[in-house]
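In what follows, a structure is listed as structure tokens, so that the remarks can point back to it.
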Amino acid sequence: MEGMLKPGSFKDKTIIITGGGTGLGRSMGKYMLELGANLVITSRKQAVLDKTAEELKNETGGKVLAVTCDIRKYDEIENVIRQTEATFGQIHGVLNNAAGNFISPTERLSHRAFDIVVDIVLKGTYYTTLAAGKNWIAKKQPGVFLNIVTTYAWTGSGYVVPSACGKAGVLALTKSLAVEWAKYNIRSNAIAPGPFPTEGAWSRLLPGDLVKKFNPAERIPLKRVGEHQELANLAAYLMSDYSGYINGEVITIDGGEWLRNGGEFSHLEHIPEELWDKLEKERGKGG
Ligand code: HXC
Ligand code: NAP
């Protein structure tokens, strides 16, 4: 799987990625570095960030700043913005990627468990967005937000209800600010990924033997999970100047998964060809 954009597409651009030390955030950041970006990665764990920053610098030759930040703490986000500007100057894009999630029947959750996920996903995203947006507006600088949601941000989903609530809020934030802040030349878009294997998601959403019982690929018309570079290509495009006229859009990248699972007759894929032959013959007899 190859990168899609022209080399140098992110030259002199500075991008902040929350949750950028692991999983999909790391992969998207790596690709933007390859395209010439200055990258800032944040999360709660400095040791993880430092390791990733070192690896990314070695792999790409790019510049990476790693700053600890719990996105539920507004002053820590302001610190990321200050440190980014001190190191690289102007900020061009913010990728709201950090999240928390786990599976559970909702009635088994404590109110603290519900809070923890909603606070990371929704409060963390609107805090980061507010701090970065105010900074761009005050300095009359353009900017681009890219928010990572999920397909169940629209449909809701049992067993991940706090995450569904949080992501639905992020979807509303994306569309609302796309309109309100367009006058400041600030774009807001989102990506709704289907399953992309990461340690963080798989360990929490398919723990223990579940990974053997539920193969996510089986639910997907294309019969495979996503490749990180496929997501990185889309994310880089949506944060680049090439997508300058796309604003308020949410792009699903899931191999057709959520449409298939919402389709009334999608389960007819289980009917074998012989049975279709038989049904066709019987239809013929009936005239
Ligand atoms: C029920 C749980 C739980 C679980 C934690 N809690 N895990 N309840 N089932 N599996 C409860 C705890 O008992 C506690 O409540 C409260 O939640 C806080 O737990 P802590 O462990 O103290 O929280 P913390 O250490 O801050 O960790 C936050 C976390 C953790 C969200 C629980 O999983 C985390 O750090 N996640 C970050 C990364 C992540 O989740 N990545 C996956 C994103 S994947 P009490 O009442 O006991 O105090 C994703 C994909 C979506 O979003 C779509 C896929 C297709
Ligand atoms: P991941 O590796 O666990 O990424 C989540 C990141 O968020 C971690 O780096 C984590 O770092 C950070 N984070 C959590 N709480 C934070 C906080 N309070 N402040 C700052 N950072 C915090 O999982 P992933 O699969 O790559 O997920 C990335 C994004 O994709 C998420 O938005 C997720 O909902 C979305 N997504 C993933 C999939 C999938 O199949 N993988 C599908 C749909 C959507 P720390 O723990 O160090 O803070």
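Because the structure is a prediction, the values reported are computed rather than measured.
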- Which heavy atom of Asn189 sits nearest a heavy atom of Gly248, and at what distance? OD1-N, 2.9 Å
- Apart from Leu275 itself, its cluster of hydrophobic side chains linked below 4.5 Å comprises Phe265, Leu268, Ile271, Trp276, Leu279
- Grab the two heavy atoms, one from Leu173 and one from Thr129, that are nearest each other, plus how far apart they are. CD2-OG1, 3.8 Å
- Message: Whether Lys278 and Glu282 form a salt bridge (side-chain N of Lys/Arg under 4.0 Å from carboxylate O of Asp/Glu) is what I want to check.
- Response: yes
- Message: How about NZ on Lys73, more than 12 heavy atoms from neighbouring residues, nucleotides or ligands closer than 6.0 Å, or not?
- Response: no
- Item | Pairs flagged by salt bridge (Lys or Arg N to Asp or Glu O under 4.0 Å) wherever residues 234-260 is involved - sequence neighbours left out | Lys13-Asp241, Arg219-Glu257, Arg260-Glu269
- Task: Sort and list the pairs that fulfil ring pair (Phe, Tyr, Trp, His ring centres under 6.0 Å) and have at least one residue in residues 213-247, not counting sequence neighbours.
- Result: none
- Message: Going by ring pair (Phe, Tyr, Trp, His ring centres under 6.0 Å), name the pairs with one or both residues in residues 138-166, residues two or more places apart or in two chains.
- Response: Trp136-Phe145, Trp154-Trp258
- Here the salt bridge (Lys or Arg N to Asp or Glu O under 4.0 Å) pairs for residues 107-127, sequence neighbours left out, are none
- Message: Suppose clustering is done on Ile, Leu, Val, Met, Phe, Trp and Tyr with side-chain heavy atoms closer than 4.5 Å. Which residues sit in the same group as Val179?
- Response: none
- Message: Can you pull out every salt bridge (Lys or Arg N to Asp or Glu O under 4.0 Å) where at least one residue sits in residues 173-197? Sequence neighbours excluded, please.
- Response: none
- Task: Determine the minimum heavy-atom distance between Val160 and Asn101, stating which atoms define it.
- Result: CG1-OD1, 3.7 Å
- Members other than Leu222 in its cluster, when Ile, Leu, Val, Met, Phe, Trp, Tyr link by side-chain heavy atoms under 4.5 Å? Ile220
- Message: Can you pull out every ring pair (Phe, Tyr, Trp, His ring centres under 6.0 Å) where at least one residue sits in residues 108-135? Sequence neighbours excluded, please.
- Response: Tyr74-Tyr127
- Residues two or more places apart in sequence or in another chain: which of them pass side chain to side chain donor-acceptor pair (under 3.5 Å) with Asp70? Arg72
- Query: Can you find a heavy atom in the side chain of Ser27 that is under 4.5 Å from one in the side chain of Lys30?
  - Reply: no
- Is there any ring pair (Phe, Tyr, Trp, His ring centres under 6.0 Å) pair reaching into residues 20-39, and which pairs are they, with sequence neighbours excluded? none
- Would you mind telling me which of Leu95, Thr60, Asn38, Thr14 makes a side chain to side chain contact (heavy atoms under 4.5 Å, CB included) with Met32? Leu95
- Pairs satisfying salt bridge (Lys or Arg N to Asp or Glu O under 4.0 Å), at least one member in residues 129-158, at least two apart: Glu85-Lys139
